[in-house]
Amino acid sequence: MHKVLKNQPLAEKIFRMEVEAPLIPPNYRPGQFIIIMADSRSERIPLTIVETKGNAVILIYQVVGRSTEKLSSLKAGDPVYGIVGPLGHASEIKKFGKVVCIGGGVGTAVIYPEIRALKDAGNHITSIIGSRSGDLLILKKEIAGISDELFLTTDDGSQGEKGLVTMPLEKILIKEKTDLVIAIGPVIMMKAVSGLTKRYSVKTIVSLNPIMVDGTGMCGACRVIVDNQTKFACVDGPEFDAHLVDFDNLLLRSRQYQKQEKEAHPCRKIN
Amino acid sequence: MPENKLKKIPVREQPPQERIKNFSEVCLGYNEDEAIAESKRCIQCGLCIKGCPVGIDIPKFIREIREKNYDGSIKTLKSFNSLPAVCGRVCPQEEQCQLPCPLGKKGDAIQIGKLERFSADQERSPGRNNVPDIIKNNIKTAVIGSGPAGLTCAGELARMGYSVTLFESLHKLGGVLRYGIPEFRLPDAILDFEIDYIKNLGTEIMTNVLVGKTITVEQLFRQGYKAIFIGTGAGLPSFLNAAGENLNNIFSANEFLTRSNLMQAYGSSRISDTPIIAEEPVAVIGGGNVAMDSARTARRLGAGEVNLVYRRTEKEMPAREEEIEHAREEGVRLVPLTLPVGFIGDSQGKVREMKCIRMQLSEPDSSGRASVIPVPDSDFTMPVRTVIVAIGQRPNPLLVRSLAGLKLGKHGTIETDENMMSSVPGIFAGGDIVTGAATVILAMGMAKKAALGMDRYIRSLSS
């Protein structure tokens with residue numbers, strides 16, 4: 001029913017998939033996600049929609065476990081067992097003024113549709129993309145094309161500035177008034193960004209991707225603590241005010257199944 | 001009446017020490033001789049019918065078993081109830097149809113549920129298929145949610161001749177029957193058979209569609225659906241709101257059971273990619289059927305020590321007696337009059353201890369159940385490595401929130417009239433989304449009523 005149209009590597013362990021899902025595009029808005037199952041035994045994996053194209057959705061994902069590995073092995077023409085969405089709330093898109101958009105690792109794919117929508121809404125966009133090394137920087141060209149400014153950072157200095165996304169961010173925060181920061185990437189990165197912007201009192205939005213099962217508010221696996229209250233990322237999010245998020249709890253919860261995952265897939269990498 | 005007529009024919013079960021090593025069905029059901037013997041005890045008074053939320057002609061189907069007219073018996077059942085193999089397994093008959101049975105006054109009530117199950121299982125033997133002839137009217141109706149209410153409503157509408165589309169947000173049909181009730185109480189194969197019946201009636205199936213998000217109710221009306229039934233259940237898990245509840249290894253029963261049942265994590269990792277944790281000691285919090293299902297699943301996943309913590313006493317537990325008994329036989333320890341108030345984790349953020357206080361029974365509350373009050377200075381801690389919270393579910397607000405003008409009850413339930421129609425013309429509802437968490441058969445009873453209401457409503461449109 002859901003046919004894979006394209007499935008190609010973008011970087012090491014990062015893939016871009018186009019998959020037919022005719023019911024999803026009409027009601028989709030940036031920031032929303034889908035849940036996909038490669039086959040009947042797969043986990044239900046939440047992935048943010050990068051964009052829609054005709055009756056297909058485009059997804060960018062990182063191979064981190066057995067189910068994402070299965071996804072990566074699908075060829076054009078293969079069926080996907082299941083895909084449901086669009087899920088979660090859409091991002092708030094309006095004219096904020098000066099917006100800094102930060103993508104870390106595969107989170108860059110998640111922030112890309114938001115950058116586009118914010119740009120279309122008349123915002124001044126400064127984008128910062130970070131990754132471990134230059135060959136893992138994805139969507140560089142696309143994001144450069146829609147940003148007023150672009151900064152790149154890598155852990156190893158192989159491209160852009162050597163270091164973390166918080167380095168160019170802090171320079172921007174010192175230099176000029178920023179109306180909004182959006183950060184999407186590894187929990188540890190979002191935590192660092194949030195800590196920094198809190199010091200400068202700049203409103204910051206993060207998109208959270210905790211472990212989910214159904215993605216419709218039924219199981220509570222994705223519960224996160226926001227403003228000392230339990231929220232379900234799937235139905236209350238996925239985006240939240242970063243300054244209210246308990247990142248330490250989120251970090252621990254994202255490692256909940258580390259032991260099982262290591263057994264199932266020895267090269268599992270947890271962010 | 002002779003003494004032996006007052007005694008029920010016992011049903012065979014897997015012995016506890018064996019069944020905790022597998023997920024196969026605990027109850028093995030009656031064989032033909034046993035079913036006939038049990039059916040012969042029935043005095044055909046018909047008092048039981050009043051106790052059945054869907055009003056099955058129980059004496060008739062029992063008489064047909066006695067006459068070995070199994071085709072007749074299943075036809076009788078299915079003319080009232082599209083899911084008899086499910087109901088025969090999970091209905092609380094002891095509180096419904098079996099309660100008014102006169103034999104129960106001096107001895108054992110007729111085992112109506114076990115007979116229903118026998119009859120339904122006869123149909124599953126090859127060569128039997130009871131799909132009635134249907135005259136289609138090509139009028140489009142939509143059913144949202146494929147749990148007991150949705151399946152029933154779809155079945156009823158299809159039999160009336162309507163074109164029915166059944167929407168389900170998960171990848172498999174069945175709702176709580178699939179994700180909630182474990183294999184050892186309701187095997188997937190049985191559920192699949194019942195669902196096949198609904199499919200064979202011509203129902204169009206749309207899995208992986210979350211109405212309200214993928215497609216809106218408004219869009220459905222625009223696509224020509226004349227009436228819509230909402231049977232989205234009570235899927236939102238309640239938590240205790242106790243300190244430390246978001247530590248690792250603390251799960252809602254919904255999550256734990258969904259991983260095990262829907263995602264098949266109960267099999268080995270060769271079967272499913274979805275992991276599940278049941279590290280002992282396990283504490284299950286709650287006293288309903290969901291709590292029993294969770295505790296018994298944990299035992300089967302290898303947890304030696306499983307404690308079922310409940311704030312009232314065993315007498316007040318909402319679970320079926322049979323489930324409590326099965327849990328106990330399987331080594332689940334009941335810890336009554338205990339209220340968890342907080343959780344303490346280790347350095348990895350994994351729960352290690354559960355802080356509790358002792359409770360004592362007090363005056364009955366508005367529901368008539370004894371209320372509980374804390375025993376002063378009774379706090380203590382219980383070592384735990386896994387906690388499963390099974391203290392109830394509320395209606396999932398996702399779809400309901402997307403509908404303007406829908407009148408809601410105070411817990412987010414949908415308010416309906418006597419035909420199960422909501423405040424929005426053409427939108428009907430039934431099951432837990434109307435009552436809050438209740439039973440499978442009550443949901444089915446409402447769904448049946450809703451189907452009749454939808455039929456009347458649609459007829460009124462054209463007249």
Side-chain angles (χ1 to χ4, degrees), chain A residues 1-2 21 23-24 26-28 32 34-45 65-67 69-70 81-88 211 213-225 229-230 232 234-235 246 248-253 255-261 263-265, chain B residues 168-172 176 179-180 206-210 212-216 219 232-239 241 245-259 262-265 267 269-277 279 345 347-350 389 393 396-399 401:
Chain A
M1 198 164 81
H2 302 286
L23 292 176
I24 295 175
N27 287 334
Y28 157 77
Q32 291 186 298
I34 52 94
I35 289 222
I36 190 165
M37 291 177 79
D39 65 26
S40 65
R41 295 173 176 190
S42 288
E43 283 187 77
R44 292 171 62 93
I45 307 164
R66 199 158 63 176
S67 291
E69 191 170 270
K70 282 178 183 170
Y81 177 73
I83 176 166
V84 58
L87 303 173
I211 296 167
V213 184
D214 64 290
T216 64
M218 204 185 82
C219 79
C222 67
R223 55 196 199 273
V224 288
I225 303 173
Q229 287 180 336
T230 296
F232 289 3
C234 67
V235 291
D246 181 341
D248 294 332
N249 180 259
L250 180 63
L251 205 54
L252 289 172
R253 287 189 67 78
R255 293 176 179 151
Q256 177 141 270
Y257 291 95
Q258 211 162 22
K259 191 168 148 252
Q260 285 81 351
E261 276 151 359
E263 283 160 10
H265 192 272
Chain B
E168 167 58 49
S169 67
L170 293 171
H171 55 279
K172 280 185 183 167
V176 71
Y179 72 75
M206 297 281 273
T207 47
N208 290 313
V209 174
L210 180 60
K213 288 280 184 188
T214 310
I215 188 161
T216 64
Q219 287 167 330
T232 49
L236 191 75
S238 297
F239 285 92
N241 291 320
E245 201 168 13
N246 293 325
L247 286 164
N248 284 349
N249 290 17
I250 302 180
F251 309 103
S252 74
N254 266 5
E255 178 182 355
F256 185 72
L257 292 174
T258 298
R259 284 176 181 275
L262 173 72
M263 304 311 291
Q264 311 259 294
S269 59
R270 275 174 291 116
I271 292 173
S272 171
D273 295 355
T274 301
I276 192 165
I277 289 170
E279 225 180 297
S347 58
Q348 265 83 57
K350 204 158 90 177
V389 183
Q393 291 89 234
N396 191 329
L398 211 60
L399 169 62
R401 231 168 19 193

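Just so it is clear, the values below take in all heavy atoms, side chains as well, and ignore hydrogens, waters and symmetry mates. Predicted model only: the values in this text are computed from it and were never measured. Reminder, nothing fancy here: chain letters follow the sequence lines and each chain counts from 1.
With a 4.5 Å cut-off on non-hydrogen atoms, A:V213 touches chain B through its side chain but not through its backbone. For a residue to count as touching a neighbouring chain, one of its non-hydrogen atoms must lie under 4.5 Å from one of that chain's; by this rule A:Y28 does not touch chain B. In this structure, the portion of A:Q32 lying under 4.5 Å from any heavy atom of chain B is its side chain and not its backbone. For a residue to count as touching a neighbouring chain, one of its non-hydrogen atoms must lie under 4.5 Å from one of that chain's; by this rule A:I83 touches chain B with the backbone only. Contact of B:T214 with chain A is made through backbone and side chain together, with heavy-atom distances under 4.5 Å. Using a 4.5 Å cut-off between heavy atoms, A:R223 touches chain B through its side chain atoms alone. With a threshold of 4.5 angstrom between heavy atoms, B:L170 approaches chain A through its backbone and through its side chain. If you measure heavy-atom distances from B:N246 to chain A, the contacts under 4.5 Å come from both the backbone and the side chain. For a residue to count as touching a neighbouring chain, one of its non-hydrogen atoms must lie under 4.5 Å from one of that chain's; by this rule B:K350 does not touch chain A. Proximity to chain A involves both the backbone and the side chain of B:N249, based on heavy atoms less than 4.5 angstrom apart.
The minimum heavy-atom distance linking B:L210 with B:S169 is given by the pair CD1-CB, 3.6 Å. Annotation for B:N254 and B:Y179: closest pair OD1-CE1, 3.9 Å, computed over non-hydrogen atoms. In this structure, A:A38 and A:S67 approach most closely via the heavy-atom pair CB-O, 4.3 Å. When every heavy atom of A:G217 is checked against every heavy atom of A:F232, the shortest pair comes out as O-CE2, 3.7 Å. Looking at every heavy atom in both residues, B:F256 comes nearest to B:I276 through O-CD1, 3.5 Å.
For the set B:V209, B:T207, B:I250, the entry with the most heavy-atom pairs within less than 4.5 Å of chain A is B:I250. With chain A as the partner, the residue from B:G345, B:P237, B:P397 showing the most heavy-atom pairs under 4.5 Å is B:P237. For the set A:G85, A:G82, A:A21, A:S40, the entry with the most heavy-atom pairs within less than 4.5 Å of chain B is A:G85. Ranked by heavy-atom pairs shorter than 4.5 Å toward chain B, the options A:G88, A:P26, A:G215 are led by A:G88. Highest contact tally toward chain B, considering only A:I225, A:D39, A:I34, is held by A:I225 [criterion: heavy-atom pairs under 4.5 Å]. Comparing B:Q348, B:Q393, B:R259 by how many heavy-atom pairs each has under 4.5 Å with chain A, the most go to B:R259.
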Q) Step by step, would you call A:M218 with B:L236 a side chain to side chain contact (heavy atoms under 4.5 Å, CB included)? A) CA-CA 5 Å; A:M218 204 185 82; B:L236 191 75; over 6 Å; no
(Q) Between B:L262 and B:H171, does the side chain to side chain contact (heavy atoms under 4.5 Å, CB included) criterion hold? Intermediate values first, please. (A) CA-CA 9 Å; B:L262 173 72; B:H171 55 279; 3.8 Å; yes
Q) After noting the C-alpha distance and the side-chain angles of B:V389 and B:E245, does the key distance pass the side chain to side chain contact (heavy atoms under 4.5 Å, CB included) rule? A) CA-CA 10 Å; B:V389 183; B:E245 201 168 13; 4.0 Å; yes
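In this structure, a donor-acceptor pair under 3.5 Å is absent between the side chains of A:N27 and B:T216.
Of the possible polar contacts, one joining the A:R253 side chain to the A:A221 backbone as a donor-acceptor pair under 3.5 Å is found.
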